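One structure below.
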Protein chains: 2
Amino acid sequence: MKIKKFIIKGKDIIMQSAREQFFQYLARKKLRFTSQRAIIFDVFWSVDGHVSPEELYRMTKEKDRSIGQATVYRTLKLLSDAGIAREVDFSDGVTRYEPYYGQKHHDHLICQECGQSVEVVDPRIEKLQEELAWQHGFTLSGHSMYLYGYCSQCSGKQA
Amino acid sequence: MKIKKFIIKGKDIIMQSAREQFFQYLARKKLRFTSQRAIIFDVFWSVDGHVSPEELYRMTKEKDRSIGQATVYRTLKLLSDAGIAREVDFSDGVTRYEPYYGQKHHDHLICQECGQSVEVVDPRIEKLQEELAWQHGFTLSGHSMYLYGYCSQCSGKQA
DNA sequence: TTACTGTTGATTCTCAGTATCAAATTCATT
DNA sequence: AATGAATTTGATACTGAGAATCAACAGTAA
Ligand SMILES: [Mn+2]
Ligand SMILES: [Mn+2]
Ligand SMILES: [Zn+2]
Ligand SMILES: [Zn+2]
């Protein structure tokens with residue numbers, strides 16, 4: 001109970017910080033923190049998962065009928081640039097976004113049967129990636145890594 | 001000279017084997033090794049790089065004016081299924097294909113400035129990926145890993 | 001107020017990739 | 001060779017994600 005409350009409070013604080021960072025980013029770029037952007041941010045943050053622009057569009061519409069789809073796309077791009085959202089691509093044709101503020105970097109392990117995804121990270125891999133790039137004279141600025149397979153439930157059903 | 005000749009000969013042998021594997025695959029699936037498929041295969045193989053369907057379409061047209069774009073798309077898909085081509089996605093909006101027969105698995109290191117890509121592989125990373133999936137109860141069937149950064153030429157020009 | 005800059009939603013557009021389909025080709029049997 | 005079934009083809013229409021356009025709108029500062 002206490003722990004859960006603590007966690008929720010923690011998440012809430014993070015949310016406020018992220019909101020603040022978004023605000024700061026906009027200010028720095030002389031852009032405005034409009035009501036639409038606020039709504040989109042809030043819904044996006046409350047989902048806290050891997051959400052496509054179209055999904056988010058549907059959800060924001062429930063809060064505000066008048067919000068346009070283009071604005072959702074635009075805002076997600078802004079959130080990316082501000083460093084509080086990240087694009088993820090599970091190779092199923094839709095680009096998704098996930099909250100990224102204060103979150104450690106992670107990669108994804110995806111079940112090809114049921115679609116569930118697990119967030120994973122291995123510091124040793126991260127280190128080796130850096131080395132690998134270095135060996136080829138590259139300055140590494142980022143990477144994307146997706147591990148595809150079958151989860152414990154689904155690998156039983158496999159042929 | 002001799003070495004180059006040997007390499008070319010080697011490549012040629014591989015090409016023949018890949019062609020043979022394509023043929024076998026088609027036979028197994030009761031599909032036909034048509035002239036169009038042969039042409040597309042040959043051009044694809046001669047390019048030996050990361051080529052988009054549209055690029056390949058343009059190139060095959062130079063060999064045979066009458067080949068349709070749909071056939072190129074279809075054939076690339078067949079080559080994928082046959083295990084002699086692989087889709088690659090450098091996150092620039094186009095899916096590319098690369099020959100994959102007899103080639104060791106590799107990942108890609110991409111320069112975000114000039115677009116050049118380097119094929120890389122680190123057995124230690126591959127191993128750790130396997131372990132990582134295992135730890136989460138997953139059976140790993142594949143992965144995609146792209147390292148983004150700036151090559152030695154381009155990192156000089158960086159701001 | 002005015003002038004200016006950024007924002008919005010609707011709409012149109014683009015572009016990769018797919019679905020459709022009638023005509024053509026190839027294969028299997030007779 | 002003739003028949004008929006199965007596969008393949010290229011043209012064309014279509015789809016769906018995302019971007020571009022644009023006129024109306026909303027803050028901002030003088
Ligand atoms: Mn994630
Ligand atoms: Mn490659
Ligand atoms: Zn599963
Ligand atoms: Zn470069």
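Computed from a predicted model, the values in this text were never measured in an experiment. Every chain is numbered from 1, with letters handed out A, B, ... down the list of sequences.
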### Message
Quick check: on DNA chain D, is the nucleotide nearest B:I67 upstream (toward 5') of the one nearest A:T95, or the reverse? Name the residue that is more 5'.
### Response
B:I67

#### Entry: Atom-pair distance (OH on A:Y73; C1' on C:dA10), nearest Å
15 Å

### Task
Evaluate side chain to side chain contact (heavy atoms under 4.5 Å, CB included) for A:D89 paired with B:D89, printing each intermediate quantity in order.
CA-CA 10 Å; A:D89 179 10; B:D89 178 10; 3.5 Å; yes

### Summary
With a 4.0 Å cut-off (strictly under) to non-hydrogen atoms of chain A, the first and last hit nts on DNA chain D, 5' to 3', are D:dA17 to D:dG27

### Task
Sequence neighbours left out, what passes ring-ring contact (aromatic ring centres under 6.0 Å, His included) with B:H143? Give chain and number order.
B:H105

### Query
Using a heavy-atom distance cut-off of less than 4.0 Å, which residues of residues 27-55 of chain B contact DNA chain D?
B:L31, B:R32, B:T34, B:Q36, B:R37

### Query
Distance only, no hydrogens: is a donor on one side chain within 3.5 Å (strictly under) of an acceptor on the other, for A:E20 and A:Q24?
yes

### Message
Rounded to whole Å, please give me the gap between CG in A:L26 and P in C:dG6.
### Response
13 Å

### Message
Go through it in stages, so that I can follow the logic: the residues are A:D107 and A:E126, the test is side chain to side chain contact (heavy atoms under 4.5 Å, CB included), and I'd like the CA-CA distance, side-chain angles, deciding distance and then a yes or no.
### Response
CA-CA 10 Å; A:D107 296 295; A:E126 308 281 323; 3.1 Å; yes

### Message
Does any part of the side chain of A:E87, heavy atoms only, come nearer than 4.5 Å to the side chain of A:R96, both counted from C-beta?
### Response
no

#### Entry: Min side-chain heavy-atom separation A:H136-B:V120 under 4.5 Å
yes

## Note on the structure
Atom CZ of A:R74 and atom P of C:dA10 are separated, to the nearest Å, by 11 Å

### Task
May I ask you to test the B:M145-B:I125 pair for a side-chain heavy-atom distance under 4.5 Å?
yes

### Message
Does either side chain, that of B:Y57 or that of B:K61, offer a donor lying less than 3.5 Å from an acceptor on the other one?
### Response
yes

### Task
Identify whether any heavy atom of B:K77 sits under 4.0 Å from a base atom; if not, whether one sits that close to sugar-phosphate; answer base, sugar-phosphate or nothing.
sugar-phosphate

